Structure formats: structure tokens, C-alpha cells
Amino acid sequence: MKKVYKFFIAAAVCASSQTFAQTKNAVVNNIVKEATENSQLPKLAHELLDGIGPRLVGTPGYDKAGEWALNKYKGWGITARQEKWGDWRGWERGVSHIDMVYPRVHSIEGTQLAWSPGMKKPVTAETIILPDVADSIAFQKWLPAVKGKFVMISMNQPTGRPDDNWKEFALKESIDKMKEDRTAQTAAWRNRIKKTGYTTRTLPVALEKAGAAGIITNYWSAGFGVDKIFAAYTKTIPTVDIALEDYGLLYRLTENNEKPRITIQTESKELGTKPTFNVIGEIKGTEKPNEYVMLSAHFDSWDGGTGATDNGTGTLTMMEAMRILKKVYPNPKRTILVGHWASEEQGLNGSRAFVEDHPVIVANLQALFNQDNGTGRVVNISGQGFAKAGDFISRWLEVVPDTIKHQIKTSFPGMPGGGGSDFASFVAVGAPGFSLGSNSWSYGNYTWHTNRDTYDKIVFDDLRSNAILTAILIYMASEDPQKFPRDKAELSTDSSTGQPRKWPEPGKANRHGGFE
């Protein structure tokens, strides 16, 4: 693999000679030089994503990644620690095998959902579709029919082609008809579930209690070959997401009364209650050690893929920026911290816990920069509703190379973010947390929480630019002689209510999760 890394580094050096002009600021020049001539990003990505893999909170993968991060920081001469803030349901994914055995033999593409219970042995059973009943009473009368069956509870999509493919090739009449049919079908399926008297969360449990052999779902992500992979709600039977193409096959066979049978074997282990933690790195300040600038990215992921762009790329950006800062700016004026947060995916729990547990740091935070929406280069920064954000962030951006800076749209003072990622945990308590918003690269459809969020989706040129940008912003925020003021801008009126918008309320960390 060393040859691969050398190739990436050589390419980066070549690109840097054409891309980044020198400035009058020696530290900025050294940040750019280190990032382009000695990039560690491909190596870090391989170790974290290929070697360790997904980092679902409460799993051995998350624990292993935490040890890896500590060792990396130690190797770079950066003090780092794990801060326990709660505990979580411990679970470990095993292998999955899904095959159609009748009316013909066909290997099925599918993924057991996170926290799905393990099976003691393979089960072969017929598939059955959730019926369109009149009401909850009729559903209760039908419910015994699920005994010993795999129950399909998702809508069969009318097309497996994403909309952009339709737009490129279809007649207008065809695409209009497809969308109309899909809208009607989606509404009808929602109503089908509603009439059972259950929700998408409680229905699998009811089917489990009625003796179903397992739950089959399809959460298509509106892209070729890609599904969202979230959590199971069953406790004793498997819940499996089957890829759209195979789900449609099974659905059509079942619908036509051909009684397909499938064999499912999914392995997993319940590990009891496991401690969970944030990883915090620190470069101590020299002149104002009790004031802080902070890098931020969540460390956990869902585990359908390897969490490459959600949020491996944010993690790698912040680690690379810290490595660079330690090398070229080892004696910052303010203390530099990096937060790698746990359980962002279940509600910003790690960063909320940090805010609750470290009021002194939060009260003395100069600025926090968070990245968490994919592999793309940063293209927007909002002031998050802070009245003076434009004065400070614009000044910090002045020294950023034009090739990076010219792509960034700023919005000052902007609106405070109420959620979405960990910067919002800080904004909610009036602390200056900012999101480094990235270019899409089809993030929403293809990699966000999907089974295709893997190493090959990373765009390393964009990641390198983000590491340079982050390191420069942190350096400038550390050096700024002024402390960032926390005055809040007057928020605009909510057009839907006619009332002034309100600053978001702080959310409380869930410190004992995954058991509900």
C-alpha cells in the first residue's frame, strides 16, 4: 500500500505547484506546504475505513477506532484522551446470508439492520406482504397469518432509476406519469401502515409478537443500487433491508401468489452495556491557555457501509488539520482542541454531553469549526446568527488561498442551526460553533447513511483543501487579538407563523441509549 500513498502524495505536490500561491504569512504558507507535500489523508483513510470499518456507537468497531485515534495523536506529539460520557447498548455485527430458494435459486443482496438480533440457525420460510386492510380490527384478524413467515413491510418502488436518469432520457409524459404514480403509491402505502394501528417503528414489534420469522424492508435511497441502513426494532427475530432490485423481485413473486421462499442467516452478538466516549485532542495555548479554538467532527457512523463520508471525511479532515497545526504552529496563543464525538447519529449525544460537562471551555470558546456533510470541498459558511460573525470570519478567511476561498459563499449573520450536526450543540448554548458546509457529490442519495458509504467515494483533492482551510481558520482564530463576541443578531420572522424566529433550545444528551 505504500506505493499507493506515494502516488497520492506525488499527485498532491504536483497539484499544489499549480494551485496555491504563496502569501505573506509564513504559517499559512507552511500549512499549505505540509498539506500538499506530506498529506497523510489516504493513509489515514485506509487505516480507519478499510482496516477498522464502521463505527456504530456501542460496537467493538467504535472502541477500536478510539484506540487508533489516540495512538495517531500520540505519534504526532499531540495530547489526547477518551472522555467517557455515558453508556450504550453493546452490539456486534456478524455475517449475513440471504438466498431465494424457490421458485428458483438466487443470492439476495441485503443487510441486517443495526442492533438486529442474531439467529441461532438459518431459517427458510415463505414471504408475505403487509396487506391493505380496512382498519386496525381487520389487521388484528389477519395478524395470525404471519406466523412462520418473512413479512415484507415496505412499498415496492415503481422504478429503480434515480430521477436524474429519468430527466436525461425520458419523455416528459413518461417522467410526469412516473412521478404521479410514485406519489400516489407512497401515500397509499403510508395509509396502509396507518390502518394497521401501528407506526413504522411499532409494526415490526407487533409482527414479531405474532410469530413472524423475520421482517423484510427496503429503504431505497433514490440512487442506483443504494439503500439507507438504520436500526432494527425487533428483539428476537431478524430485520433485514433487501436491496431494491431483489426486494422488487420478491414482492412481485409474492404478489402473484408464486409463494417464494427465502433462507436467512444473520449473525450478531449482544454485548450488554458498554461505555461510550468522545476522543479529545489538545495543543496547549501559550498566551491564552484558558481560551479555546476547536475542531469538530463526529466519530461514529451507521454501519451499512464503512462511514466513509459520514463522517469519516470530517474525522480525517480534523485529524489532518491537527497534525499540520502541531507541526507548523506548535505554540498557539489559545489552546486548540479537537472533538471527535460519539453518537451524533442518535441525536448529537456526544457533543451535547461535552457541552454539559465542560461549561468553562464552552464559556471561553473563541470558535468551533465542524465538518459533517460529505467528502466535498467547503462551499458555504454561515454566521449561525451571531451578530459579529462576519467581522471575524471574513478576517480569518482573508489569508486563505484564493483557489479555496473563492468557492466559499458566506452568509452573515445567518441563522442559528437547530440541529443537523454537532456545531448545533454549541450554538444552542450561545457558543460560536460554525458548520463548514461542503459540496454535495450526491451525498444525500448515495452515501449519507447508506450501504455504499465506502472509501472509494472519497475525493482526496477536496479533503486536502478542507484540511488546509480548517487549519488556517483555527490558526487565525487562535491568533486574533480580539475575543469573539456572542451578541445575537435579531432573527427574521418565520413566514409560516408570522412570529420572530427563536434561538434554538439546548438539547439534553441521552447518556444511556440503544435499549429502547
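A quick note: this is a predicted structure, and the numbers were derived from the prediction, not measured.
Partners of His298 under the ring-ring contact (aromatic ring centres under 6.0 Å, His included) rule, at least two apart in sequence or in another chain, do not exist in this structure. With sequence neighbours excluded, no residue satisfies ring-ring contact (aromatic ring centres under 6.0 Å, His included) with Tyr247. Not counting sequence neighbours, the partners of Lys177 by the side chain to side chain donor-acceptor pair (under 3.5 Å) test are Asp181. Partners of Phe423 according to the ring-ring contact (aromatic ring centres under 6.0 Å, His included) rule, which considers only residues two or more places apart in sequence or in another chain, do not exist here.
For residues 269-281, the set of pairs meeting the salt bridge (charged side-chain N to carboxylate O under 4.0 Å, His left out) definition, not counting sequence neighbours, comprises Arg89-Glu270.
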- Step by step, would you call Asp357 with Arg511 a salt bridge (charged side-chain N to carboxylate O under 4.0 Å, His left out)? CA-CA 12 Å; Asp357 295 344; Arg511 295 178 184 257; 2.9 Å; yes
- Message: With salt bridge (charged side-chain N to carboxylate O under 4.0 Å, His left out) as the criterion, how do Asp99 and Arg261 come out once you've worked through the C-alpha distance, each side chain's angles and the decisive distance to 0.1 Å?
- Response: CA-CA 9 Å; Asp99 298 285; Arg261 292 196 301 273; over 6 Å; no
- Task: With salt bridge (charged side-chain N to carboxylate O under 4.0 Å, His left out) as the test, would you mind laying out the steps for Arg452 and Glu109 before giving the verdict?
- Result: CA-CA 13 Å; Arg452 298 293 189 255; Glu109 181 185 0; 2.8 Å; yes
- Message: Does Glu83 form a salt bridge (charged side-chain N to carboxylate O under 4.0 Å, His left out) with Arg81? I'd like the steps, not just the answer.
- Response: CA-CA 6 Å; Glu83 288 192 355; Arg81 61 189 181 273; 2.9 Å; yes
- Message: Set out, in order, the CA-CA distance, both residues' side-chain angles and the distance that settles side-chain contact (heavy atoms from CB on, under 4.5 Å) for Met294 and Phe369, then state yes or no.
- Response: CA-CA 6 Å; Met294 201 160 187; Phe369 292 100; over 6 Å; no
- Are Thr470 and Leu295 close enough, and set up right, to give a side-chain contact (heavy atoms from CB on, under 4.5 Å), and what steps lead you there? CA-CA 8 Å; Thr470 302; Leu295 304 87; 3.6 Å; yes
- Just do the side-chain contact (heavy atoms from CB on, under 4.5 Å) check on Ile216 and Ile262 with the steps written out, would you? CA-CA 11 Å; Ile216 298 176; Ile262 61 174; 3.4 Å; yes
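When atom types are taken as modelled, the side chain of Thr263 and the backbone of Thr124 share no donor-acceptor pair closer than 3.5 angstrom. Thr239 contributes no side-chain N or O that, together with a main-chain N or O of Leu113, makes up a donor-acceptor pair within less than 3.5 Å. With Gln82 contributing its side chain and Asn278 its backbone, the two residues share no donor-acceptor pair below 3.5 Å. Within the 3.5 Å criterion, the main-chain N or O of Ser136 finds no donor-acceptor partner in the side chain of Gln140. Under the 3.5 Å distance criterion, the side-chain polar atoms of Ser442 are left unmatched by any main-chain donor or acceptor of Asn445. A donor-acceptor pair under 3.5 Å is absent between the side-chain atoms of Arg55 and the main chain of Gly66, judged by distance alone. Under the 3.5 Å distance criterion, the side-chain polar atoms of Gln40 are left unmatched by any main-chain donor or acceptor of Glu320. Judged by distance alone, the side chain of Ser39 and the main-chain N or O of Thr36 form no donor-acceptor pair under 3.5 Å. Side-chain atoms of Asp300 come within 3.5 Å of backbone atoms of Glu345 as a donor-acceptor pair (strictly under, hydrogens ignored). Between the side chain of Ser221 and the backbone N or O of Gly223, no donor-acceptor pair lies under 3.5 Å.
Taking all atoms of both residues into account, the shortest heavy-atom contact from His340 to Met318 is CE1-CB, 4.2 Å. Of all the heavy atoms in Thr454 and Thr306, the pair that sits closest is CA-OG1, 3.5 Å. Heavy-atom minimum distance, Ser343 versus Asn349: OG-ND2, 3.0 Å. Closest heavy-atom contact between Lys179 and Lys167: NZ-CE, 4.2 Å. Across Ile381 and Val378, no two heavy atoms sit closer than the pair CG1-CG1, 4.3 Å. Ile52 and Ala65 make their closest contact through CD1-CA, 3.8 Å (heavy atoms, listed as atom of the first residue, atom of the second, distance).
Taking OH of Tyr251 as the reference point, atom CD of Gln157 lies at 11.0 Å (rounded to 0.5 Å). With values rounded to the nearest 0.5 angstrom, Ile408 atom CD1 is found 8.0 Å from Leu436 atom CG. A distance of 6.0 Å separates OG1 of Thr375 from CG of Asp462, quoted to the nearest 0.5 Å. To the nearest 0.5 angstrom, Trp76 atom CH2 is 6.5 Å from Lys72 atom NZ. Here CG of Leu49 is found 9.5 Å from CG of Leu44. Values are rounded to the nearest 0.5 Å. Interatomic distance, NE2 of His97 versus OG of Ser107, reported as 10.0 Å (0.5 Å rounding).
With salt bridges taken as basic N to acidic carboxylate O contacts below 4.0 Å, one links Asp461 and Arg464. Electrostatic pairing of Lys64 and Glu67 does not count as a salt bridge here, judged by no charged N lying under 4.0 Å from a carboxylate O. Contact check on Asp310 versus Lys457 returns no salt bridge, with no Lys/Arg side-chain nitrogen under 4.0 Å from an Asp/Glu carboxylate oxygen.
No more than 12 heavy atoms of other residues, nucleotides or ligands lie within 6.0 Å of CH2 in Trp441, so this atom counts as exposed by the packing criterion. Taking a 6.0 Å sphere around CZ of Arg161, one finds it holds 12 or fewer heavy atoms contributed by other residues, nucleotides or ligands. Summarising the local packing, CG of Leu271 is surrounded by more than 12 heavy atoms from other residues, nucleotides or ligands at distances under 6.0 Å.
For Phe354 and Trp85, the ring centers are positioned 6.0 Å apart or more.
Looking at Ser296, Ser425, Ser435, Ser351 one by one, the single match for side chain to side chain donor-acceptor pair (under 3.5 Å) with Asn370 turns out to be Ser296. Partner of Asn218 under the side-chain contact (heavy atoms from CB on, under 4.5 Å) criterion, chosen from Ile242, Leu250, Asp227: Asp227.
Aromatic ring orientation, His46 versus Tyr455: perpendicular (interplanar angle above 60°, classes split at 30° and 60°). Ring geometry for Phe277 against Tyr62 counts as tilted: the plane angle lies between 30° and 60°, on a 0 to 90° scale. Under the 30°/60° scheme for interplanar angles, the aromatic rings of Trp448 and Phe230 are found to stand perpendicular. Ring planes of Phe139 and Tyr198: perpendicular class, angle over 60° (limits at 30 and 60°).
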Scan the side chains in residues 125-133 for donor-acceptor partners under 3.5 Å anywhere in the protein, sequence neighbours excluded, and list what turns up.
from, atom 1, to, atom 2, distance (Å)
Thr127, OG1, Thr254, OG1, 2.7
Asp132, OD1, Lys195, NZ, 2.8

